[in-house]
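Below is one structure, written out as structure tokens; comments come after it.
Heavy-atom basis, side chains included; hydrogens, waters and symmetry copies ignored.
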Amino acid sequence: MPAVVIVGAQWGDEGKGKASDQLGTKVDYVVKFNGGNNAGHTVVVDGEKFALHLLPAGILTPNCIPVIGNGVVVDLEVLFAEIADLEARGMDPSRLRISGNAHVIPSYNKKMDAVNERMLGKRKLGTTGRGIGPTYADKMNRIGIRIQDLFDPSILRQKVEGALAQKNVMLESLLDEQFDVDAITNDLLSYADRVKPMLMNATAELNHALDAGKMIAFEAGQATMLDIDHGTYPFVTSSSCTAAGACTGSGVGPRRIDRVVGVAKAYITRVGEGPFPTELFDADGERLREVGGEYGVTTGRPRRCGWYDSVVARYATMVNSLTDIVITKLDVLTGLAQIPVCVAYDIDGQRVEDMPDSQTAMHHAKPIYEYFPGWEEDISECKTFADLPENAQQYILQLERLSGCRISSIGVGPGREQTIVRTPLLD
């Protein structure tokens, strides 16, 4: 039975939550394998909007077990605030499970995040300031704190003390502040009793579930172009958000993955700093932002908007070994007379069809467009591909050709049911 990985094929905010939510109605587990509460998924169920930040989309589907994998960094305050919000809205989040190997975001790393951005000055990265990067840095520096440490107060205090031995020196010199070891330790310990019922040996349980024929969807935070290794470095996140991250972030090996689904908007957006070849600074960009509701789920920041970039799409197909692409927000393009699609870059007078291999080249990249006719018809009620206007059908077929991967489903509105399925993701 299949294990399906869902990744963002652009710079994030593509609608992965909706794709995960739809699969969540058919799978037994939905596993978030990277990131933290630095990104959000908006899912609309029966007309009600849910903004998820740390929780996997499977939390909204009865009988599906949502899992926070070892590759995720967890802000415990945010976790329980999200849980409380769902409970207040009549949802049951008690099925949530968390890997004991997932790292915790201590309060001092939020402060470190702000300090790091301030020190970068004009070279700032535009992080969300939620302590994600410093927590991943602690993980690599082997001074991180894991969920399992909450259940051994002695080990927890030693780890907090070791981490603050370094960080307090910087905070004292820059801000004349220090964190207290006992206060941080006690704050973390205060969550232990609430976390304990959620604890799971994720690697064992997920592999045993696959052995038993159960279905698993792996849900990425962020997206391909924000991947720490394969994105537009240094304007990236701090984790592995390509398909390979599903394995390292869950403990399920690559031979067990059956499909890799990339989610892409019918146009493209990004948040924060960094290169963005098709970015629009005109009325078209403002239209995409307003009609598409392009404001961050987590931060509320307006997203930078641009036309669909097939160079990015082909790169995502290659890096992730995509088997399928899900196109979202096709309805946002309704009413445009023509729709540009970036098919290649002009870099210093040369046509380049592959992702540039240097930061400098990417900054110099200018889009080369092909133009496709738009449509005026309302497509929000379309149920099949044949229901779409001819020009909308042709637009999808051209994106499929240019992206190098089949387009399996198309979002024509925000609702769970507003999706045209061309090829089922689970068959």
Side-chain angles (χ1 to χ4, degrees), residues 6 15-100 102-107 110 128 130-132 146-148 150-151 186-202 205-206 209 216-221 293 295-300 414-417:
I6 302 168
K16 296 182 294 297
K18 182 180 179 183
S20 297
D21 173 64
Q22 289 171 331
L23 282 176
T25 64
K26 304 172 185 177
V27 302
D28 301 286
Y29 294 82
V30 173
V31 182
K32 184 170 182 175
F33 62 81
N34 78 298
N37 60 306
N38 54 336
H41 297 319
T42 299
V43 180
V44 180
V45 180
D46 297 329
E48 188 172 3
K49 183 182 292 187
F50 294 87
L52 304 176
H53 304 277
L54 182 58
L55 297 173
I59 198 80
L60 301 176
T61 303
N63 304 318
C64 172
I65 299 175
V67 177
I68 293 176
N70 61 274
V72 177
V73 290
V74 181
D75 185 321
L76 294 167
E77 181 181 4
V78 170
L79 174 68
F80 286 105
E82 281 199 54
I83 288 172
D85 180 64
L86 289 181
E87 288 174 336
R89 297 173 69 179
M91 307 298 290
D92 177 17
S94 63
R95 304 179 316 281
L96 178 67
R97 297 293 178 264
I98 304 176
S99 168
H103 280 243
V104 174
I105 301 175
S107 57
K110 299 176 193 178
T128 59
R130 284 160 169 75
I132 307 296
R146 297 186 291 179
I147 292 288
Q148 60 179 278
L150 302 181
F151 310 109
N186 291 334
D187 177 60
L188 292 171
L189 286 173
S190 70
Y191 294 100
D193 289 343
R194 285 187 283 173
V195 171
K196 196 164 189 177
M198 306 174 187
L199 196 66
M200 76 180 296
N201 182 340
E205 183 169 334
L206 294 174
I216 300 178
F218 297 89
E219 171 193 303
Y295 296 88
V297 177
T298 297
T299 64
R416 176 185 274 178
E417 74 288 350

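- Heavy atoms only, all atoms of each residue included: Ala57 and Leu52 are closest at CA-CD1, 3.6 Å.
- Between Val195 and Phe80, some side-chain heavy-atom pair lies under the 4.5 Å cut-off.
- Between Val67 and Met200, the closest side-chain pair of non-hydrogen atoms falls below 4.5 Å.
- Of all non-hydrogen atoms in Leu55 and Glu219, the two that sit nearest each other are O-OE2, 4.4 Å.
- The two residues Asn34 and Gly221 come nearest to each other via the heavy atoms OD1-N, 2.7 Å.
- For the atom pair CG of Asn201 and CD of Gln148, the computed distance is 10.5 Å after rounding to the nearest 0.5 Å.
- Residues Leu96 and Pro56 form a side-chain contact, since some pair of their non-hydrogen atoms from C-beta on lies under 4.5 Å apart.
- Counting heavy atoms from C-beta on, the side chains of Glu77 and Lys110 come closer than 4.5 Å.
- The side chain to side chain contact (heavy atoms under 4.5 Å, CB included) with Leu79 is formed by just one residue from the set Ile68, Val104, Ile105, Asn37; it is Ile68.
- To the nearest 0.5 Å, atom NE2 of residue His103 and atom CZ of residue Arg146 are 5.5 Å apart.
- Atom CD1 of Ile98 and atom CG of Leu199 lie 8.0 Å apart (nearest 0.5 Å).
- Counting heavy atoms from C-beta outward, Ile59 and Ile83 have side chains that stay 4.5 Å or more apart.
- For Asp92, the CG atom is densely surrounded, since the number of other residues' heavy atoms within 6.0 Å is greater than 12.
- When all heavy atoms of Arg97 and Ser94 are compared, the closest pair comes out as NH1-O, 3.2 Å.
- Closest of all the heavy-atom pairs between Ala202 and Ser99 is CB-CB, 3.8 Å.
- Annotation: salt bridge (charged side-chain N to carboxylate O under 4.0 Å, His left out) contacts of Glu87 (sequence neighbours excluded): none.
- For residues 53-69, no residue pair satisfies the salt bridge (charged side-chain N to carboxylate O under 4.0 Å, His left out) rule, not counting sequence neighbours.
- Atoms CD1 and CD, from Ile216 and Glu205 in turn, are 9.0 Å apart once rounded to the nearest 0.5 Å.
- Counting heavy atoms from C-beta outward, Leu76 and Ile147 have side chains that approach closer than 4.5 Å.
- Side chain of Arg95 to backbone of Cys64: a donor-acceptor contact under 3.5 angstrom is found.
- Checked by atom type and distance alone, the side chain of Glu82 pairs as donor or acceptor with a backbone atom of His53 at under 3.5 Å.
- Phe33 and Ile6 make their closest contact through CE2-O, 4.5 Å (heavy atoms, listed as atom of the first residue, atom of the second, distance).
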